[in-house]
**Student:** 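Submitted below is the structure of interest, expressed as structure tokens.
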Amino acid sequence: MGTRLRILALETSCDDTGAAVMDGRTVLSNAVSGQSVHGRFGGVVPELASRAHVQLIIPVVESALEQAKISLSDLDAVAYTRGPGLLGSLLVGASFGQSMARALGIPAVGIHHLKAHVLAHHIEGVHPEPPDFPYLALTVSGGHTLLLKVHSAERFEILGQTMDDAAGEAFDKAAKIIGLPYPGGPLIDALSEGGDPLAFAFAKPRPEGLNMSFSGLKTSILYTLRPLIAEDPSFLETRRADLAASIQHSIVGVLVDRSVAALRQTGLRTLALSGGVAANRALHAVLKKAVEREGGQLLVPPMAYCTDNAAMIGIAAVVQAERDGLKKTSVALPVRARIPIDEEFQHQ
Ligand code: KG4
Ligand code: ZN
């Protein structure tokens with residue numbers, strides 16, 4: 001492709017409204033607006049998320065275009081998240097993106113959210129060189145936990161995945177049990193610093209193959225805590241740091257164990273981390289050491305490209321269009337709440 005593609009990308013799969021402008025693989029702007037409305041409910045409320053996307057999408061798009069110093073007539077395409085995610089939220093971005101593309105007479109490109117998380121590693125400047133295919137990817141967030149073999153920008157093979165809760169969800173649910181507000185993941189991370197990771201031995205289930213399971217953790221914490229709180233009502237307060245560190249130790253332990261097993265099983269040496277849980281300092285540190293012990297390298301993008309963001313949707317569209325041309329890439333795709341990442345389909 002001779003000229004660099006200018007793409008406006010939208011991400012509205014969950015509770016962050018994002019818009020980004022790409023100039024080829026370079027990010028010109030990456031605007032995101034979180035939705036504070038969910039905090040008091042202890043989790044994302046889908047109907048409120050859709051309504052907030054409707055209110056936020058125009059200001060977020062305007063701010064992305066302004067920061068990028070790009071006008072609508074400069075755009076070659078509009079990319080949007082087609083799933084997986086909350087259906088109502090996805091519909092906002094998809095209808096907005098498709099209408100805008102139609103009004104401008106340019107193609108609209110539907111992108112797979114999870115592929116985009118991984119392809120964020122290919123954004124210009126994120127690494128000195130983007131990882132060579134094939135490589136391993138671990139995507140861990142509030143909604144997903146996947147261990148993948150990335151054969152190409154289109155072909156993703158699932159090596160392992162959670163059988164129940166996502167890793168971020170496990171952090172959040174465990175945090176709630178020990179009395180922390182939503183989202184509890186970052187608070188567990190912060191509290192753990194002053195705690196003993198071996199103070200409590202919580203469940204570290206190892207389902208078959210490279211799969212993972214986190215739902216037993218809640219039960220394991222509840223059973224451990226029940227007699228201790230009965231004995232000492234202030235137990236949660238006095239031991240919160242030890243509890244946080246032990247919870248973190250258990251979740252990180254499962255993720256590291258499975259990642260190392262995947263490296264050994266595939267013989268691959270690069271592990272590309274993504275998703276909001278990549279912010280966890282213990283995961284970062286322990287995983288890095290473990291991967292290096294295997295003779296490999298751990299790649300972690302800056303956090304702005306790890307949590308849900310529109311630049312990752314943009315890079316996925318760019319990489320796809322570089323290969324197949326924009327025209328072939330822009331097939332009108334319906335949004336879907338669930339789309340297997342290894343589903344046979346030639347486009348994102
Ligand atoms: O990728 P993300 O921003 O949104 C999606 O879920 O798609 O990830 C959010 C998740 C939440 O569950 C949050 O608690 C978790 O990532 N998280 C963390 C940390 N920062 C965010 N979990 C553990 N330690 C952190 N530092
Ligand atoms: Zn995500």
Side-chain angles (χ1 to χ4, degrees), residues 9-18 20 30 32-36 38-39 42-44 46 49 53 80-86 89-90 93 111-121 137-146 148 161-162 165-178 180-193 195 197 214 217-218 244-256 273-287 300-313 315-316 337-339 341:
L10 311 170
E11 155 58 33
T12 64
S13 67
C14 189
D15 63 337
D16 292 303
T17 314
N30 186 28
V32 62
S33 176
Q35 302 178 354
S36 52
H38 307 288
V44 177
H53 282 306
Y80 60 88
T81 309
R82 68 177 182 104
L86 301 171
S89 294
L90 290 167
I111 296 294
H112 192 291
H113 178 84
L114 296 175
K115 291 184 180 178
H117 263 301
V118 175
L119 295 173
H121 286 272
L138 176 65
T139 300
V140 273
S141 73
H144 4 272
T145 304
L146 280 172
L148 301 160
Q161 61 188 321
T162 181
D165 292 349
E169 194 178 357
F171 267 108
D172 297 338
K173 287 182 175 171
K176 193 171 175 191
I177 298 176
I178 64 166
L180 301 173
Y182 174 86
L187 301 170
I188 297 248
D189 186 348
L191 273 170
S192 294
E193 198 146 27
F214 296 101
L217 179 65
K218 284 171 303 199
S246 302
I247 289 164
Q248 180 170 277
H249 181 74
S250 155
I251 299 171
V252 168
V254 171
L255 295 172
V256 172
L273 186 64
S274 60
V277 182
N280 185 270
R281 289 169 297 171
L283 175 63
H284 206 139
V286 179
L287 194 55
V300 190
M303 274 324 290
Y305 300 145
C306 272
T307 52
D308 285 350
N309 68 91
M312 70 183 195
I313 303 301
I315 187 73
R338 290 174 187 278
I339 314 173
I341 196 168

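Whatever order the structure lists them in is the order used to number ligands and atoms, beginning at 1. We're numbering straight along the sequence, starting at 1. Please read all numbers here as calculations on a predicted model, not as lab measurements.
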**Student:** To the nearest 0.5 Å, what is the distance between CG on Asn309 and OG on Ser274?
**Tutor:** 10.0 Å
**Student:** Identify the closest protein heavy atom to atom 7 (O) of ligand 1: which residue and atom is it, and at what distance?
**Tutor:** Asp308 OD2, 2.9 Å
**Student:** Taking the minimum heavy-atom distance to atom 8 (O) of ligand 1, which of Gly275, Gly276, Ser192 ranks first?
**Tutor:**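 Answer by nearest heavy atom: Gly276.
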**Student:** Distance to 0.1 Å, residue and atom name: give those for the protein heavy atom nearest to atom 22 (N) of ligand 1.
**Tutor:** Gly185 CA, 3.4 Å
**Student:** Tell me which part of Asn280 gets within contact of ligand 1: side chain, backbone, both or neither, using heavy atoms under 4.0 Å.
**Tutor:** both
**Student:** Are Thr12 and Thr81 packed together at the side-chain level, in the sense that at least one heavy-atom pair is separated by less than 4.5 angstrom?
**Tutor:** no
**Student:** With heavy atoms of Gly143 as the reference, note each atom of ligand 1 found under 4.0 Å away.
**Tutor:** 6 (O)
**Student:** Counting only heavy atoms not in Lys218, do more than 12 fall under 6.0 Å of its NZ?
**Tutor:**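 Yes, enclosed.
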**Student:** Looking only at heavy atoms, is any part of Asp189 under 4.0 Å from ligand 1, and if so is it the side chain, the backbone, or both, or is it neither?
**Tutor:**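 Answer for Asp189: side chain.
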**Student:** Give the residue and atom name of whichever protein heavy atom lies nearest to atom 19 (C) of ligand 1, and the separation in Å to one decimal.
**Tutor:**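 Checking every protein heavy atom, the shortest distance to atom 19 (C) of ligand 1 gives Pro186 N, 3.7 Å.
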**Student:** Need the ligand 1 atom indices (1-based, order shown) with element for anything under 4.0 Å from a heavy-atom of Thr307.
**Tutor:**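 That gives atoms 1 (O), 3 (O) of ligand 1.
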**Student:** Backbone or side chain, does His144 get an N/O/S atom under 2.8 Å to the Zn ion (ligand 2)?
**Tutor:** yes
**Student:** Just jot down the ligand 1 atoms closer than 4.0 angstrom to any heavy atom of Gly168, in number order.
**Tutor:** 12 (O)
**Student:** Quick one: nearest non-hydrogen protein atom to atom 11 (C) of ligand 1, plus distance?
**Tutor:** Asp172 OD2, 3.5 Å
**Student:** Taking the side chain from His53 and the backbone from Glu11, do they hold a donor-acceptor pair closer than 3.5 Å?
**Tutor:** no
**Student:** How about Pro84 and His112: do any of their side-chain heavy atoms sit closer than 4.5 Å?
**Tutor:**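 With C-beta onward as the side chain, the pair touches.
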**Student:** Determine whether a donor-acceptor pair (N or O, by modelled atom type, separation under 3.5 Å) exists between the side chain of Thr145 and the backbone of Ala167.
**Tutor:** yes
**Student:** Please answer whether the main-chain N or O of Asp16 pairs with a side-chain N or O of Asp308 as donor and acceptor at a distance below 3.5 Å.
**Tutor:**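 No: the side chain of Asp308 does not pair with the backbone of Asp16.
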**Student:** If you stand at the Zn ion (ligand 2) and look out to OD1 of Asp308 and NE2 of His113, what angle do those two lines make, to 10°?
**Tutor:** 100°
**Student:** Is any side-chain heavy atom of Val300 closer than 4.5 Å to one of Leu287?
**Tutor:** no
**Student:** Mark yes or no for whether His113, through its side chain, and Gly85, through its backbone, hold a donor-acceptor pair below 3.5 Å.
**Tutor:**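 Looks like no, no N/O pair under 3.5 Å.
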**Student:** Considering heavy atoms of the protein only, find what lies nearest to atom 15 (C) of ligand 1 and give residue, atom and distance to 0.1 Å.
**Tutor:**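 Residue, atom and distance for the closest contact: Val277 CG2, 3.9 Å.
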**Student:** Could you tell me whether the side chain of Ser141 and the main chain of His144 form a donor-acceptor pair under 3.5 Å?
**Tutor:** yes
**Student:** Starting from atom 10 (C) of ligand 1, locate the nearest protein heavy atom and write down its residue, its atom name and how far away it is, to 0.1 Å.
**Tutor:**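 Ranked first by proximity to atom 10 (C) of ligand 1 is Gly142 N, 3.4 Å.
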**Student:** So if I count the atoms of ligand 1 from 1 in the order they appear, which ones are less than 4.0 Å from some heavy atom of Ala279?
**Tutor:** 20 (N), 26 (N)
